[in-house]
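Comments concern the structure below.
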Amino acid sequence: MQTQPSRSISSPRVVDVLLPVALDHAYSYRVPAGRELQPGDVVSVPLGAREVIGVVWADNPNPDPRLHNRLKDISEKLDLPPLRPELRSLVDWVANYTLAPRGMVLRMTLRMGELGPERVRPGVRLTGPAPRRLTPARRRLLDILADGLLHGKAEAAQEAGCSPSVIDGLVDEGTLTVEPLPRPPAPPPPDPAFAQPDFSPEQRAAADQLRGLAAGGFQVALLDGVTGSGKTEVYFEAVAEVLRRGEQVLILMPEIALTGQFLDRFAARFGVRPLEWHSELTPRTRARNFAAITDGTAPVVVGARSALFLPYARLGLIVVDEEHDQAYKQEDGAHYHARDMAVVRGSIAKIPVVLASATPSVETEVNARKGRYQRVPLPNRFGGQHMPQIEAIDLRQEGPGRGRFIAPRLAEQIGFAIERREQALLFLNRRGYAPLTLCRACGHRFACTICDAWLVDHRFRQRLVCHHCGFSIPRPQSCPHCAAENSLVAVGPGVERLQEEAASLFPQARTMVLSSDLISSIETMRSELNEIAEGRVDIIIGTQLVAKGHNFPRLNLVGVVDADLGLGNGDPRAAERTFQLLNQVIGRAGREQGRGVGFLQTHQPEHPVMKALVACDRAAFYASEIEMRERTGYPPFGRLASLIISAGDRPTAEGFARKLVALAPIDERIKLLGPAEAPLAVIKGRYRFRLLLKAPRNVDLSGYLRHWLAAAPKVSGTLKLEVDVDPQSFL
DNA sequence: AGCGACGTATAC
DNA sequence: TATACGTCGCTA
């Protein structure tokens with residue numbers, strides 16, 4: 001006998017496997033003899049008492065000697081395409097950037113669901129003699145099955161208006177037989193030539209520009225189109241271009257609620273609906289869709305932010321629709337902003353990225369101004385329509401009377417709209433009847449016992465509700481503090497109170513409130529939207545809910561009841577958010593008839609948000625926001641990380657925070673604030689200090705933190721350190 | 001992330 | 001004294 005090859009005599013091959021758990025480092029496993037494994041292969045390995053799925057990250061020729069006797073074997077290699085090198089780089093990059101354990105980022109790419117056996121649906125066919133006893137239900141059923149063809153069991157029962165047990169009875173008697181239904185044929189792929197769009201010259205130019213970008217290579221385009229300019233149809237041309245090349249397209253959407261009509265528009269252009277990916281898929285659909293994504297049989301995927309990290313077979317384009325939307329921020333588990341990580345994925349995979357918005361985020365606007373992103377403008381509404389004309393109503397000069405919230409000028413315009421048989425929308429981003437209830441006798445204010453926020457009066461539900469934590473009490477009849485009767489007054493407006501006022505101003509008008517807490521189900525919502533679309537409502541009173549989707553064809557007037565709401569708090573993004581929200585709400589007006597009007601009730605008509613909206617001057621608004629950021633040091637680019645130190649007593653926490661600051665490595669690019677600048681908070685009896693770190697995007701913040709914390713004194717049991725990042729300010 | 005170990009508050 | 005729940009540390 002020949003001697004064995006040296007390979008089998010020497011120690012077995014060892015690979016590092018990244019596991020989808022909260023671990024930053026890959027674990028080493030032995031490769032069973034005779035098995036070939038490459039980096040990227042998806043494997044199953046033992047971890048503690050269980051089996052987990054992981055990904056071979058790298059070969060490990062010299063594993064840690066301390067592990068030699070503890071190494072376990074890889075159990076099996078799964079029958080899945082290996083993770084491509086660019087996706088593995090993305091996982092490493094994102095983990096490092098977001099300060100999240102690499103395993104948690106990997107977890108987002110392996111959301112494959114349960115790949116159980118495919119369910120076979122039962123079919124039923126008429127094969128035997130008629131039954132002895134013929135009931136009406138059986139007769140209807142036999143009429144339907146008279147053709148002798150195979151029918152779906154559930155469908156046949158439904159068509160006959162009987163329960164499936166009627167079929168079971170006939171099967172027992174030998175009249176019918178059950179056969180498995182053949183699997184429905186896979187839907188045809190989206191057809192780039194299904195319907196050619198009818199573009200204006202402007203849209204055609206934008207589409208051509210995007211098609212050029214889609215030709216390949218990493219580049220970011222900002223499709224900068226006002227509401228109603230047909231952005232979606234324009235970027236569909238880039239999608240078509242990539243489909244013709246046989247590559248996959250990912251279209252990210254801020255939330256799933258929007259996708260219903262989006263899917264229809266997609267089908268109108270490409271003949272079929274695209275594949276969906278979001279958190280509410282059933283496990284089986286998830287598994288099916290995951291397989292179609294990994295093997296490339298799904299050419300187009302429309303998904304929420306979690307769709308970004310999936311292992312596409314050959315991704316050729318990423319579109320981020322409504323790129324400014326806050327829903328792209330993920331704030332639990334790994335903290336990231338999907339729009340920015342989409343740009344990163346595009347850059348690593350060398351594919352183009354399209355960001356679309358009518359009101360781009362300041363970050364994206366700055367990138368476009370600096371030429372890092374290519375701007376593709378679409379400045380006019382489709383079909384020669386005009387943007388709504390916007391006027392401010394200065395509440396200091398022409399406000400409504402005490403306890404009223406609709407200014408006379410706005411009320412007058414609503415009256416005209418109703419006379420013209422058009423609709424009006426009153427927008428107020430505040431649920432319930434009134435944000436505050438107080439006792440006229442003793443001044444008692446109703447606040448939440450848990451979080452100190454005011455309790456919001458909900459007359460419809462007859463409760464006072466905390467909008468922070470959900471705590472609620474029945475609406476009291478008398479003051480619990482001084483026992484006075486009939487002394488409680490509602491302060492400030494909510495949508496329910498606004499409806500009351502609208503009804504008293506226009507007794508003949510039909511009003512409807514659209515507010516998330518008054519909508520029990522998607523069906524209710526749909527039927528209410530139908531009522532509006534059919535013109536059975538004159539005045540719509542709505543919260544944030546009305547800002548998105550759904551066209552109201554007869555809506556030509558939008559009144560923003562409190563345009564200043566949301567500008568008050570200390571949020572550095574308040575102005576930007578308000579601008580985006582109000583732009584979107586007012587954009588609801590005049591979409592069909594092209595003569596919309598918007599009114600902004602405000603106490604500060606000189607505020608940049610109001611001026612920009614009234615003058616339709618976005619550029620001036622961005623200039624003021626960029627200037628504000630430079631002045632305050634709130635970065636348009638870079639990360640805001642915080643190191644949270646908490647302890648049971650104040651001296652321990654503060655002492656440790658000061659020690660840490662003294663030990664911080666010196667890097668002029670990283671600004672460290674605190675603990676004096678970031679005051680202490682007491683949460684659940686623990687004292688918390690937040691040290692803020694501002695770092696430009698190109699600094700290795702994670703390496704900096706590693707060095708820093710390695711130098712810090714060992715944290716004892718009562719002290720806790722957490723690292724947190726603000727994903728909104730990435731890139 | 002799971003999972004067991006341990007500790008403390010709480011029920012019986 | 002038994003049990004529930006919270007927090008910590010480990011997984012190769």
Side-chain angles (χ1 to χ4, degrees), chain A residues 10-33 35 37-78 83 88 91-92 94-95 98-115 279 283 286-287 290 305-306 309-311 330-336 450 644-649 652-653 656 682-688 709-710 712-724:
Chain A
S10 67
S11 50
R13 194 180 151 210
V14 171
V15 289
D16 284 348
V17 177
L18 190 60
L19 302 169
V21 300
L23 289 165
D24 199 43
H25 288 286
Y27 276 177
S28 306
Y29 287 88
R30 285 191 307 229
V31 180
R35 175 152 285 156
L37 283 176
Q38 303 291 325
D41 282 343
V42 184
V43 294
S44 165
V45 295
L47 178 72
R50 63 214 159 103
E51 276 290 307
V52 294
I53 288 167
V55 176
V56 177
W57 221 244
D59 265 308
N60 187 349
N62 10 281
D64 188 335
R66 286 168 301 182
L67 291 171
H68 265 153
N69 49 1
R70 284 205 287 148
L71 287 179
K72 294 183 182 175
D73 278 6
I74 295 213
S75 312
E76 56 170 332
K77 176 178 179 301
L78 301 195
L83 251 63
R88 282 180 275 136
V91 169
D92 288 337
V94 170
T98 63
L99 307 176
R102 283 192 298 168
M104 292 311 284
V105 180
L106 178 70
R107 198 163 199 279
M108 302 192 289
T109 79
L110 293 176
R111 294 275 173 85
M112 68 258 285
E114 295 305 314
L115 272 152
S279 56
R286 178 177 300 270
F290 185 86
R305 55 176 188 247
S306 61
F309 294 99
L310 297 173
Q330 165 108 76
E331 292 190 281
D332 44 55
H335 297 212
Y336 67 90
I450 301 161
I644 299 159
I645 293 133
S646 71
D649 63 295
T652 312
F656 193 82
V682 187
I683 293 165
K684 282 195 206 159
R686 290 182 69 85
Y687 291 77
R688 275 165 68 115
L709 298 183
K714 182 103 177 69
V715 178
S716 77
T718 139
L719 249 162
K720 236 175 99 182
L721 258 181
E722 292 169 59
V723 180
D724 187 27

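In the text below, chain A, chain B and the rest are named by the order of the sequence lines, each starting its count at 1.
- For the pair A/Glu51 CD and C/dT11 P, the computed distance is 17 Å after rounding to whole Å.
- The nearest pair of heavy atoms linking A/Leu18 to A/Leu106 is O-CD2, 3.2 Å.
- OP1 and OP2 of B/dA1 both lie 4.0 Å or more from every side-chain N or O belonging to A/Arg50.
- Using a 4.0 Å heavy-atom distance criterion, A/Leu67 is classed as a base contact.
- Residue A/Arg30 is out of contact with every strand shown, counting any heavy-atom pair closer than 4.0 Å.
- When each of A/Asp92, A/Asp16, A/Asp41 is paired with A/Trp57, the side-chain hydrogen bond (donor to acceptor under 3.5 Å, both in side chains) condition holds for A/Asp92 and for no other.
- Nucleotide C/dC10 holds its C1' atom 7 Å from the OH atom of A/Tyr27, rounded to whole Å.
- With C/dA12, B/dA1, C/dT11 as the choices, the nucleotide that has an atom nearest any side-chain atom of A/Lys72 turns out to be C/dA12.
- If you take CG of A/Leu18 and P of C/dT11, they are 17 Å apart, rounded to a whole angstrom.
- For A/Arg102 and B/dA1, the CZ to C1' distance is 17 Å, given to the nearest whole Å.
- Within residues 52-60 of chain A, no residue has any heavy atom closer than 4.0 Å to DNA chain C.
- Within 4.0 Å of A/Ala22, counting heavy atoms only, lies at least one base atom of the nucleic acid.
- Across all non-hydrogen atoms, the minimal contact from A/Pro12 to A/Arg30 is CG-CD, 3.5 Å.
- Spacing between atom OH of A/Tyr29 and atom C1' of C/dA12 amounts to 5 Å, rounded to whole angstrom units.
- Pairing each heavy atom of A/Arg102 with each of A/Ala95, the nearest pair is CG-CB, 3.4 Å.
- Between the side chain of A/Asp59 and the backbone N or O of A/Val15, no donor-acceptor pair lies under 3.5 Å.
- With hydrogens and angles left out, the side chain of A/Arg66 and the base of C/dA12 share no donor-acceptor pair within 3.5 Å.
- Between the side chain of A/Tyr29 and the backbone N or O of A/Pro46 there is at least one donor-acceptor pair closer than 3.5 Å.
- Remark: the backbone N or O of A/Val55 is not paired with any side-chain donor or acceptor of A/Arg88 at under 3.5 angstrom.
- Atom C1' of nucleotide C/dT11 and atom NE2 of A/His25 are separated by 14 Å, given to the nearest angstrom.
- Between the CG atom of A/Leu23 and the C1' atom of C/dT11 there is a distance of 7 Å, given to the nearest Å.
- Taking atom CG of A/Asp64 as the reference point, atom C1' of C/dA12 lies 10 Å away to the nearest angstrom.
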